[in-house]
Amino acid sequence: MNLLNEIADKYPRAISMAAGRPYEEFFDVKLIHEYLDAFCDHLRRDRGMDDAGITRALFQYGTTKGVIGDLIARHLAEDEDIHVDPASVVVTVGFQEGIFLVLRALRASERDVLLAPTPTYVGVTGAALLAEMPVWPVRSTEHGIDLDHLLEQVKLAREQGLRVRGCYLTPNFANPTGVSLDLATRHRLLEIAESTGLLLLEDNAYGLFGEERLPALKALDQAGHVVYLGSFAKSGMPGARVGYVVADQRLTPGGPDAGGFADALSKLKGMLTVNTSPIAQAVIGGKLLLHEHSLVRANAREAAVYRRNLTHTLDALTRRLGDCPGVTWNSPTGGFFITVTVPFTVDDALLERAARDFGVLFTPMHHFYGGLDAGGGLDQLRLSISLLTPELIEEGVSRLAALVRSRMEAAPR
């Protein structure tokens, strides 16, 4: 992010197809007040608070687990067919705190490792670094995580005396690839988790934004092998910085004094951020209340924009680069991202040249292999379709095509 921000600041006229930020046309400051009012009405009507109690709930420190766990649980039941006890929900400062808390809670010794597909979201490898948990890469195919290689890595780690503490993955429109797992793969993944005792860490930041919405792993999980990490950054309001973890596992299954995983996360959070801002939670809670707990309904306009932008970007790529030998891209059915593969090296120097000479920004894919595969992704770039209008998409792809053709013409024959 620092690299992209520095280059964007240096070349402000460049069209950014890099950052995965939500669409901004529907942002309205008045909504913040509407959401706060709705949440205050909820506290008065449903929780029996008087004005002093409502004021205290917003202005004072809140409970460590959060003040909207019940609303999140109702949202999950409404939109995802996930049914959980609100006590298993820990509200966090965005997804990033959530993944760090989970990894730190799981990390018990230097023998512990995390599995993750390559390429993977950089926030996960960064959190693992802070939690001192090495990340073992699992190969990806055009269809997502390679389950055979996943099994191989679990076996190899155990043969080396290591403990695989979990496997992070994004089943829906993954960042950075845009790839989703089909239903059969989801079921097989859960079968693998049950047969090996593997804990799956499911990130579902983009699940609302697709032509077809497949069930989350957590909705399919019958054996308690999925920890669900949610975020309201894309579907609620990124500026609120509210995420959550659903951790309904027991730390020692079957033990008479077994503590819940959510309680363990809450204890860690109490030493890290104390609690998530009650005001930020109130804004998100109010949005949920005003849309009957459904973010599908709340994001209907945004989802339509993302589908439009995705279709427009894919069409523009076909028109501008369809005849270029060695240039290909995948065709996600939702989410924010498209992966483009080219017959030359895509590094940070090329990104700066793209911004300076062609006025377009993208994300070099090699950043999503960092620490997992040093040579991975050097012939790929990630395009984000979420923030732009069709006109800017058309111009951005045109500029990208000019860069690609220029680079191919300059390549030695």
Requested in this report: Show the numbers, then the answer: is there a ring-ring contact (aromatic ring centres under 6.0 Å, His included) between Phe95 and Tyr244?
Outcome: CA-CA 7 Å; Phe95 166 89; Tyr244 61 95; over 10 Å; no
Requested in this report: Mind running side-chain contact (heavy atoms from CB on, under 4.5 Å) on Leu381 and Leu400 for me, showing each step along the way?
Outcome: CA-CA 11 Å; Leu381 57 94; Leu400 176 67; 4.3 Å; yes
Query raised in the report: Step by step, would you call Arg320 with Asp315 a salt bridge (Lys or Arg N to Asp or Glu O under 4.0 Å)?
Result: CA-CA 9 Å; Arg320 303 284 185 176; Asp315 288 347; over 6 Å; no
Report task. Evaluate the side-chain contact (heavy atoms from CB on, under 4.5 Å) criterion for residues Leu392 and Leu387: first the C-alpha distance (whole Å), next the side-chain angles of each, then the deciding distance (0.1 Å), finally the verdict. Result -> CA-CA 10 Å; Leu392 286 173; Leu387 192 60; over 6 Å; no
Query - From CA spacing to verdict: side-chain contact (heavy atoms from CB on, under 4.5 Å), Tyr11, Val360 - result: CA-CA 9 Å; Tyr11 306 102; Val360 66; over 6 Å; no
Query raised in the report: Can Val246 and Lys218 be said to form a side-chain contact (heavy atoms from CB on, under 4.5 Å), step by step?
Result: CA-CA 9 Å; Val246 178; Lys218 188 67 176 174; 4.1 Å; yes
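Within the model, atoms CG of Leu103 and CG of Leu268 stand 11.0 Å from one another, a figure rounded to the nearest 0.5 Å. Here the straight-line distance linking atom CG of Leu229 with atom CD of Gln96 works out to 10.5 Å at 0.5 Å rounding. Separation of atoms CG (Leu220) and CD (Glu191) is listed at 11.0 Å; rounding is to 0.5 Å. Note: Ser88 OG to Tyr228 OH = 12.5 Å, rounded to the nearest 0.5 Å. Rounded to the nearest 0.5 Å, atoms CG (Asn309) and OG1 (Thr313) are 6.0 Å apart. Remark: Leu317 CG to Arg319 CZ distance equals 9.0 Å, nearest 0.5 Å.
In this structure, Gln249 contributes its side chain and Phe261 its backbone to no donor-acceptor pair below 3.5 Å. A donor-acceptor pair under 3.5 Å is formed between the side chain of Gln153 and the backbone N or O of Pro137. The closest donor-acceptor contact from the side chain of Asp85 to the backbone of Ala87 lies under 3.5 Å. A donor-acceptor pair under 3.5 Å links the side-chain atoms of His149 to the main chain of Arg139, judged by distance alone. Remark: the backbone N or O of Ser235 is paired with a side-chain donor or acceptor of Asn299 at under 3.5 angstrom. With Ser140 contributing its side chain and Thr118 its backbone, the two residues share a donor-acceptor pair below 3.5 Å. Of the possible polar contacts, one joining the Gln281 side chain to the Val67 backbone as a donor-acceptor pair under 3.5 Å is found. Judged by distance alone, the side chain of Ser384 and the main-chain N or O of Met17 form no donor-acceptor pair under 3.5 Å.
Under a 4.0 Å N-O distance rule, the pair Glu78/Arg297 qualifies as a salt bridge. For Glu395 and Arg399, the salt-bridge test passes: some basic side-chain N is under 4.0 Å from an acidic carboxylate O. Here Asp51 does not pair with Arg56 in a salt bridge; the nearest charged N to carboxylate O distance is not below 4.0 Å. One finds no salt bridge joining Arg307 and Glu302 here, because no Lys/Arg side-chain nitrogen approaches an Asp/Glu carboxylate oxygen to under 4.0 Å. Ionic pairing of Asp112 and Arg107 is not present here: no N-O contact between side-chain nitrogen and carboxylate oxygen is shorter than 4.0 angstrom. With respect to Glu80 and Arg213, a salt bridge is recorded, a charged nitrogen being found less than 4.0 Å from a carboxylate O.
Between Glu394 and His312, the side chains place a donor N or O and an acceptor N or O closer than 3.5 Å (distance only, hydrogens not considered). A side-chain donor-acceptor contact under 3.5 Å links His42 and Asp46. Under the 3.5 Å distance criterion, with hydrogens and angles disregarded, a donor-acceptor pair is assigned to the side chains of Gln380 and Thr341. Residues Asp79 and His293 have side chains that never bring a donor and an acceptor to within less than 3.5 angstrom of each other. A donor and an acceptor atom, one from each side chain of Ser406 and Arg353, are located under 3.5 Å apart.
Identified under the side-chain hydrogen bond (donor to acceptor under 3.5 Å, both in side chains) test for residues 173-188, with sequence neighbours left out: Asp148-Arg188, Asn172-Arg186, Asn175-Arg382, Asp182-Thr185. Applying the side-chain hydrogen bond (donor to acceptor under 3.5 Å, both in side chains) definition to pairs two or more places apart or across chains, those involving residues 260-273 are Lys65-Asp263, Glu97-Lys269, Glu97-Thr273, Lys269-Thr273, Lys269-Thr276. Residues in residues 332-363 take part in these ring pair (Phe, Tyr, Trp, His ring centres under 6.0 Å) pairs, two or more places apart or across chains: Tyr206-Phe336, Tyr206-Phe337, Phe209-Phe336, Tyr306-Phe336.
Closest of all the heavy-atom pairs between Leu198 and Cys167 is CD2-CB, 4.0 Å. Nearest heavy atoms, Ala14 versus Leu361: CB-CG, 4.2 Å. Of all heavy-atom pairs spanning Val164 and Val154, the tightest one is CG2-CA, 4.3 Å. Nearest heavy atoms, Pro176 versus Met365: CG-SD, 3.5 Å. Nearest heavy atoms, Leu58 versus Ala282: CD2-CB, 3.6 Å. Closest approach of Leu190 and Leu200 over heavy atoms only: CD2-CD1, 4.0 Å.
Among Thr345, Asp348, Asp347, Asp379, the one residue that satisfies the side chain to side chain donor-acceptor pair (under 3.5 Å) test with His366 is Asp348. Of the candidates Thr125, Asp203, Thr120, Asp203 is the only one forming a side chain to side chain donor-acceptor pair (under 3.5 Å) with Tyr168.
In this structure, the side chains of Thr363 and Leu4 come closer than 4.5 Å at one or more pairs of heavy atoms. The side-chain heavy atoms of Val404 and Val327, taken from C-beta on, include a pair separated by under 4.5 Å.
With sequence neighbours left out, the salt bridge (Lys or Arg N to Asp or Glu O under 4.0 Å) criterion links Asp41 to Arg44. Checked against salt bridge (Lys or Arg N to Asp or Glu O under 4.0 Å), Lys10 has the following partners two or more places apart in sequence or in another chain: Glu352.
Within 6.0 Å of CD on Glu152 lie more than 12 heavy atoms contributed by other residues, nucleotides or ligands.
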Please table the atom pairs, donor to acceptor, closer than 3.5 Å between any side-chain atom in residues 23-38 and protein atoms at least two apart or in another chain.
residue : atom : partner : partner atom : Å
Tyr23   : OH   : Glu25   : OE1          : 2.5
Asp28   : OD1  : Lys30   : N            : 3.0

